[in-house]
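Bear in mind the structure is a predicted one, so any value in this text is a computation, not a measurement.
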Amino acid sequence: TFDGSTLTLSGDLTFGNSVAHDIQLQGGKIYGNDTASSTFSIRSTSGNANHSRIEIGASQSSDNGGIHFYTAGSSVAERRITIKGTSGNVGIGSDNPSYELVVSPNDTNESTLQIKAGGNGKESNVYFGAPDDDDVGKISYDHNGDHMKFVVGTVERFRSSISETFFNSTGADTDFRVRSPAQGHLFFVDAGNDQVTIKTSSAQSGAVLTVNGRTHLEQLTLGNNSTLDAGAQATIYKPATNTLAFATAGANERLRIDS
């Protein structure tokens with residue numbers, strides 16, 4: 001029926017036969033059924049179930065009002081993209097996405113997501129943001145030099161290239177820690193104080209390396225001349241060229257061996 005402004009159909013509407021025809025709307029709308037549970041379908045051909053189609057107002061796991069996109073499969077069209085109506089979750093290869101975006105293969109193989117730079121030497125980026133900060137975190141692959149960068153708190157903390165992996169590449173003051181089940185600070189780098197500790201987080205005052213535990217060395221070589229630390233309990237040091245000295249209780253030298 002047509003009331004002068006609205007065309008109402010109770011069945012299918014077919015345009016043309018073997019010749020392609022266009023449908024043009026000057027504004028206006030196309031509606032499906034009046035009931036909320038009905039689905040409005042647009043399909044490329046009526047006589048072949050293996051052709052592409054779009055289902056509007058579709059339901060998925062009690063989530064109504066979604067949109068499903070189908071393309072040709074082996075014998076019948078297969079759903080490729082799902083947009084759930086209530087949650088707005090999007091699934092690519094996933095019929096029932098539980099998160100904002102789910103990407104799944106249409107077979108039992110691996111799932112692959114590619115982020116391709118627009119030009120050679122440019123970056124491929126993934127940003128992590130919040131309502132008050134769009135780019136507080138980022139994982140970036142820089143094709144100019146081939147290196148991966150990790151940004152936390154808008155500052156680059158870690159970078160890995162084909163030749164090296166390093167922290168604080170841009171001068172950031174970020175500590176580095178390796179832990180084990182028994183040791184919270186199995187290996188610890190205090191970036192702010194330029195100190196390294198093993199099996200402890202408390203570095204000896206003035207020490208570059210502090211080890212809490214037994215240390216086995218095949219060889220120990222002393223280089224530049226050094227002075228005693230009054231805060232140390234015991235020290236083996238090199239006070240002069242070709243000289244080895246032993247001290248206890250701070251700056252009290254007890255034994256010296258010279259050339």
Side-chain angles (χ1 to χ4, degrees), residues 115 117 121-130 132-259:
I115 301 176
K122 304 302 181 180
E123 292 185 350
S124 301
N125 299 306
V126 177
Y127 284 90
F128 302 88
D132 61 346
D133 195 336
D134 289 338
D135 58 354
V136 66
K138 182 177 73 169
I139 299 176
S140 174
Y141 190 89
D142 193 336
H143 300 274
N144 182 18
D146 288 319
H147 54 269
M148 184 78 76
K149 299 181 290 186
F150 292 82
V151 175
V152 180
T154 68
V155 176
E156 182 182 321
R157 313 287 180 175
F158 171 80
R159 178 181 294 196
S160 182
S161 69
I162 58 177
S163 60
E164 62 180 347
T165 297
F166 57 106
F167 292 82
N168 299 332
S169 57
T170 57
D173 182 7
T174 304
D175 296 341
F176 174 77
R177 178 164 65 104
V178 177
R179 66 162 300 158
S180 68
Q183 296 291 335
H185 292 76
L186 185 63
F187 182 82
F188 179 64
V189 178
D190 186 337
N193 295 310
D194 296 331
Q195 292 179 301
V196 177
T197 62
I198 297 177
K199 295 183 69 174
T200 180
S201 60
S202 301
Q204 177 68 31
S205 176
V208 175
L209 173 64
T210 300
V211 180
N212 180 25
R214 179 181 174 182
T215 303
H216 174 77
L217 300 174
E218 293 293 337
Q219 183 177 3
L220 176 63
T221 301
L222 302 179
N224 295 333
N225 298 344
S226 61
T227 58
L228 289 171
D229 182 356
Q233 296 183 6
T235 306
I236 301 175
Y237 71 110
K238 178 176 172 285
T241 302
N242 299 325
T243 303
L244 179 66
F246 299 81
T248 60
N252 296 299
E253 184 178 312
R254 310 297 186 181
L255 174 64
R256 176 176 292 209
I257 304 174
D258 58 29
S259 58

Are the side chain of Asn168 and the backbone of Thr174 linked by a donor-acceptor contact shorter than 3.5 Å?
yes
Going by atom types only, do [X] and [Y] share a side-chain donor-acceptor pair under 3.5 Å?
{"X": "Glu156", "Y": "Ser169", "value": "yes"}
{"X": "Ser140", "Y": "Glu123", "value": "yes"}
{"X": "Asn125", "Y": "Tyr141", "value": "no"}

Is there side-chain contact between [X] and [Y], with at least one heavy-atom pair below 4.5 Å?
{"X": "Phe187", "Y": "Val189", "value": "yes"}
{"X": "Phe167", "Y": "Arg157", "value": "no"}
{"X": "Asn225", "Y": "Lys238", "value": "yes"}
{"X": "Asn252", "Y": "Leu228", "value": "no"}

Taken in chain and number order and not counting sequence neighbours, the residues that satisfy ring-ring contact (aromatic ring centres under 6.0 Å, His included) with Phe128 are none
Return the set of residues passing ring-ring contact (aromatic ring centres under 6.0 Å, His included) with Phe188 (not counting sequence neighbours), or none when no residue passes.
His185
Does [X] have any side chain to side chain donor-acceptor pair (under 3.5 Å) partners at least two apart in sequence or in another chain, and if so, which?
{"X": "Thr241", "value": "none"}
{"X": "Thr200", "value": "none"}
{"X": "Asp173", "value": "none"}
{"X": "Gln183", "value": "none"}

Over all heavy atoms of both residues, which pair between [X] and [Y] is shortest? Give the atoms and the distance, please.
{"X": "Ser124", "Y": "Ala117", "result": "OG-N, 3.4 Å"}
{"X": "Gly184", "Y": "Arg177", "result": "O-NH1, 2.7 Å"}
{"X": "Leu222", "Y": "Tyr237", "result": "CD1-C, 4.0 Å"}
{"X": "Ala247", "Y": "Glu253", "result": "CB-CA, 3.8 Å"}
{"X": "Ser205", "Y": "Asp229", "result": "O-OD2, 3.2 Å"}

Gap separating the [atom1] atom of [X] from the [atom2] atom of [Y], nearest 0.5 angstrom:
{"X": "Leu244", "Y": "Leu220", "atom1": "CG", "atom2": "CG", "result": "9.0 Å"}
{"X": "Thr154", "Y": "Lys138", "atom1": "OG1", "atom2": "NZ", "result": "10.5 Å"}
{"X": "Ser226", "Y": "Ile236", "atom1": "OG", "atom2": "CD1", "result": "11.5 Å"}
{"X": "Lys149", "Y": "Ser161", "atom1": "NZ", "atom2": "OG", "result": "12.0 Å"}
{"X": "Thr210", "Y": "Ile198", "atom1": "OG1", "atom2": "CD1", "result": "9.5 Å"}
{"X": "Thr165", "Y": "Met148", "atom1": "OG1", "atom2": "CE", "result": "11.0 Å"}

How about [X]: does its [atom1] atom have over 12 heavy atoms from other parts shown lying under 6.0 Å from it?
{"X": "Asp258", "atom1": "CG", "result": "yes"}
{"X": "Gln233", "atom1": "CD", "result": "no"}
{"X": "Lys199", "atom1": "NZ", "result": "no"}

